[in-house]
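Chain A is the first sequence line, chain B the second, and so forth, proteins listed ahead of strands; every chain is numbered from 1. If you're wondering where the values come from, they're calculated on a predicted model, not measured in any experiment.
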Amino acid sequence: MTSERYNPREAEGKWQKNWADRDTFRTDNTDKRPKYYVLEMFPYPSGRIHMGHVRNYTMGDVVARYKRARGFNVLHPMGWDAFGMPAENAAMQNKSHPAKWTYENIATMRGQLKSMGLSLDWSREIATCDPTYYKHQQRLFLDFLKAGLVTRKKSKVNWDPVDQTVLANEQVIDGRGWRSGALVEQRELTQWFLKITDFAQDLSDSLDDLPRWPEKVRLMQKNWIGRSEGLRVRFAIESNSLTSDKSVEVYTTRPETLFGAKFLALSADHPLAIAAGKRDAKIQDFIEECRRMGTSVATLETAKKKGIDTGVRVQHPFDPEWQIPVWIANFVLMDYGTGAIFGCPAHDQRDLDFARAYGLGATPVVCPPDQSTADFEIGKIAYDGEGKLINSRFLDGMDIPDAREEVSHRLEKTLVDGQPQGERQVNFKLRDWGISRQRYWGCPIPVIHCDDCGTLPVPLKELPVILPDDVTFDKPGNPLDHHPSWKNVGCPECRKAARRETDTMDTFVDSSWYYARFTDPTSLESPTTEAADHWLPVDQYIGGIEHAILHLLYSRFFARAMKATGHLGVKEPFDGLFTQGMVVHETYRSGDGGWRTPSEIRIEATPDGRKAFSLSDSSPVEIGAIEKMSKSKRNTVDPDEIIGSYGADTARWFMLSDSPPDRDVIWSEEGVQGAARYVQQIWRLVHEMRELSCQASAPEGNLDEIATRIRKIVHGHLMKVEEHIERLRFNTAIAEIRKMTNALSASIAGITSPEQISDDMRNAYREALDFMIQMFAPMMPHLAEECWAAAGHDNLVSETPWPILDRTLAAEDRIVIPVQVNGKKRAELEIEYDADSTRVEAEALKLEAVARELNGRPAKKVIIVPKRIVNVVV
RNA sequence: GCCCCUAUGGCGGAACUGGUAGACGCGUCCGACUCAAAAUCGGAUUCCGCAAGGAGUGCUGGUUCGAUUCCGGCUAGGGGCACCA
């Protein structure tokens, strides 16, 4: 027996070197075993890893190590999402180059990740800022361009005045830039777009074919894509003195309410509205007011519905005598539908608010089932529920679906202005993805603008278009714009002077295909090779919920676009998705209101609660809310410090043990200490079991009763641990492992030497020892290697196949069944596992507690659920 | 406003398809070891009750022999979208 403590500092470095020297985790694309691709969202090289990374990568590593042990050829790579604004900001501050900052951060963070003992194939490491990566991204862009999946158009864009760049809709949060937090302005610019809307239908439909994605994420994407079915309705204009148009179109999802129409409303940017503005100064003023409003989305919530009458009148589709006024309204969007709506105040809240403000009326056309059709009226709340049509002529009495069909059908057959009056249409909220960014530190868009030849792709043989090194950041705006020798080039067609595109790509482009590049990261000629089709889709992707829409939707689009251009065989990149929760921590505030870091305070636990004190002057510190680790609240814990003082295994174990992986985990010093304690417990137990199992061999045939009981403990827990890991329930997997070591520990209590026990038991302990080490190896790999060696093995546990489960041992032979009387538990019945119902009933009724409850009365009914419960009903 | 999720001891949480509520851990209390402390080990720990027993999974109603689990109505907390016609 050893009295030495396990020393993680010595052991962890040793085993990390061992794995590296032996290339244990290098993956061979030609390996014939079944493949398994596990990927965690790659980090942005911001400087240092944080606890969120530790959690993310630990989970992925457990899966990778487990699947490897189960005989899969596992691909588990790591790389760097290395382009982006912070590198430029740092360059401005430090008067240095973004590349320098980025590569220094990568070096630091690579070292930190290595100290975690992750089973990564580092030979496949990629950085998106490396020309050998973005060369292929430029190639993909040009192929997409050729395939019609890229457009360049003038459009209103979200302009971030602080970062001086354009933002995608997805990057505007509550009207502010997602990075800078500055209020976003609207500007008209010519921009490059990826036509994600070409795939809107499929991106939405295919979500149903992703059963291994969280329901929540699928729902969020579905809502974001926002598919709706409706009717485009053409209204004939009575007399149009403004434009040459004879009709105006609206989009509606509720054509059955047409008889409730009180007005048409145009967006301020609608051509008819603009024409009206030119004629009338008041209208022009209103349009300009609308445009100003559009820029401050924050005010939308409180903004009143406002409008102005254009004086134009249209005819009701079913009654040429019925005139409807055309208004311009501040709540109608130009870029959805047709930029015009018909207002049905009775059944749409916005329309009702508007109609009430301008006295336009609100005739109900749908009557709720519990209301009288004769006197149903609309008050302040529009009715949007089920019901029968009223006040609607030929629709009266129909239910909504029938009326909708009737209206659609009739309008499809009528002509207005020479075109069908109604056309069924599917609309999406999803917009095309604007990828132009006026930044330096991103992938250059490989096109050249020539005054004569137009916009031309850079010839493939000239790729990559490399970022120039000699740039300065002393002027606002894009340094590429201020770099004449880079910007000015010859036109690839006519050789005359031309200009490079100086916009670079949104960094979300970089991360939209890296999972494919990992499958063959050094291929020179093409972005992907046949290896991509071998490895993809990713079997298990793990990352934060914050990427539920942006990154995951873009990646799904990219896979489709790559498939369409022959770069990929699959359209869904991620077969299984897991979104892990955040790492949160208590916050601490001292008397002066300032935040204190966890390392600046000490905690005292008393029966009436925990109290915190400052380490420097022992003054009391208030323990505040538990929140996401952040620099501003100073409640961060540095992974380096934890690994330095407790070791990576302790950090990994605690990170996995305390909460379900999809929920937030509270990082606590007490919890970490508990994990560290357990590491030492295992170390002792391994040595004790090694003593007992010396000269033992693998258990075979029928063993004696105590030995069999030990094997049952081990196999029973092995079965459960497998189930939990397969379902990524790491917290319960860990509980099972602890239960097993508790049971083994109890079973050897009092045994001091191998002579005291049978050969069978020694053999059983041999198996128990090996299995136990293998079972915790995915979570605590260094400790496992050290224990594996201590147990007498001369190979690595990382290279050892998973233990083989004996299901007959995992099954019980006697079980305890609760016995209820009238649904209340009164007794327990211990009985053979395979006892039949007749016997269970007889035995249950014999129980004293049951007899007492029955008190002589006969049982009315006895319910027996085999192996579960007995319920006696009196 | 619309959509979605969550609610279990002092705390994190466990409970497979309706079948012993509270696994495993943290904390606390008691004990052992120690001159003492730390570390370590053993025990107790949902609440009320000396006990027998009773109550109990946010609240409320229902279905069922039996509900943390299913259904209806609420309350609280969290998240997503946000004038999308």
Side-chain angles (χ1 to χ4, degrees), chain A residues 5 174-175 214-217 219-224 226-228 230 250-254 257 265 267 293-294 297 300-301 303 305 329-333 335-344 347-351 353-354 384 427-431 545-546 548-549 603 605-610 626 653-654 657-660 663-666 668-675 677-678 680-681 684 720 723 727 729 731-739 742 749 816-829 859-874:
Chain A
R5 288 170 64 79
D174 290 334
E215 184 65 43
K216 182 190 167 80
V217 175
L219 200 73
M220 279 163 69
Q221 290 212 356
K222 213 156 221 176
N223 290 341
W224 186 266
R227 181 181 193 276
S228 74
V250 305
Y251 175 74
T252 177
T253 54
R254 301 209 55 191
T257 63
S267 159
M293 240 218 16
V297 186
L300 272 182
E301 203 174 330
K305 302 280 176 286
N330 63 351
F331 63 94
V332 181
L333 305 172
D335 61 354
Y336 184 80
T338 62
I341 60 158
F342 85 81
C344 176
H347 305 291
D348 182 290
Q349 192 59 48
R350 291 158 308 183
D351 297 349
D353 294 345
F354 188 76
D384 59 2
N427 260 345
F428 297 93
K429 292 190 205 172
L430 186 69
R431 296 280 90 97
I545 186 75
E546 66 272 22
I549 297 173
I603 304 267
T606 62
D608 40 275
R610 300 163 69 250
I626 295 169
W653 185 260
F654 173 64
S657 67
D658 224 36
S659 287
R663 287 208 219 163
D664 292 351
V665 63
I666 304 171
S668 73
E669 188 63 24
E670 293 90 340
V672 180
Q673 282 167 3
R677 217 155 37 226
Y678 186 62
Q680 300 300 338
Q681 281 170 21
R684 280 195 304 276
K720 292 197 169 143
E723 286 167 7
R727 294 172 53 212
R729 302 283 297 180
N731 56 325
T732 48
I734 281 178
E736 279 310 318
I737 292 172
R738 293 189 90 128
K739 265 191 249 183
N742 287 351
V816 177
I817 302 176
V819 180
Q820 299 179 331
V821 177
N822 287 338
K824 292 208 168 182
K825 186 190 158 195
R826 296 297 173 188
E828 284 180 344
L829 176 67
K860 217 183 270 174
K861 193 154 105 179
V862 179
I863 289 150
I864 294 168
V865 181
K867 299 168 187 38
R868 287 241 183 254
I869 206 162
V870 179
N871 190 9
V872 182
V873 186
V874 183

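Using a 4.0 Å heavy-atom distance criterion, A:Asn731 is classed as a sugar-phosphate-only contact. When heavy atoms are screened at a 4.0 angstrom cut-off, A:Lys824 is found touching the sugar-phosphate backbone but no base atom. Within the nucleic acid shown, A:Val819 has no heavy atom closer than 4.0 Å to any nucleic acid atom. Looking at heavy-atom distances under 4.0 Å, A:Ser228 makes contact with sugar-phosphate atoms alone, never a base. Contacts of A:Ser657 with the nucleic acid, taken as non-hydrogen atoms under 4.0 Å apart, are absent. A:Val816 comes within 4.0 angstrom of a nucleotide base, judged by non-hydrogen atoms across all strands.
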With Watson-Crick and G-U wobble geometry limited to distances under 3.5 Å, how should the secondary structure of RNA chain B be encoded in dot-bracket form, using | for bases paired to another strand and [ ] for crossing pairs? (((((((..(((......[....)))((((((.......))))))(((....)))..(((((..]....))))))))))))....
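In this structure, the nucleotide among B:rC4, B:rA23, B:rG19 sitting nearest to the side chain of A:Ile869 is B:rG19.
Annotation for A:Lys222: atom NZ counts as buried by contact number, over 12 foreign heavy atoms lying within 6.0 Å.
With hydrogens and angles ignored, a donor-acceptor pair closer than 3.5 Å exists between the side chain of A:Lys305 and the base of B:rC83.
Counting only heavy atoms from C-beta outward, the side chains of A:Arg254 and A:Thr257 approach each other to under 4.5 Å.
A:Tyr678 and A:Ser657 form no side-chain donor-acceptor contact under 3.5 Å, judged by distance and modelled atom types alone.
Between A:Glu736 and A:Lys739 there is a salt bridge, since at least one side-chain N of the basic residue sits less than 4.0 Å from a carboxylate O of the acidic one.
Atom name P, nucleotides B:rG58 and B:rG12: the rounded distance is 13 Å, in whole Å.
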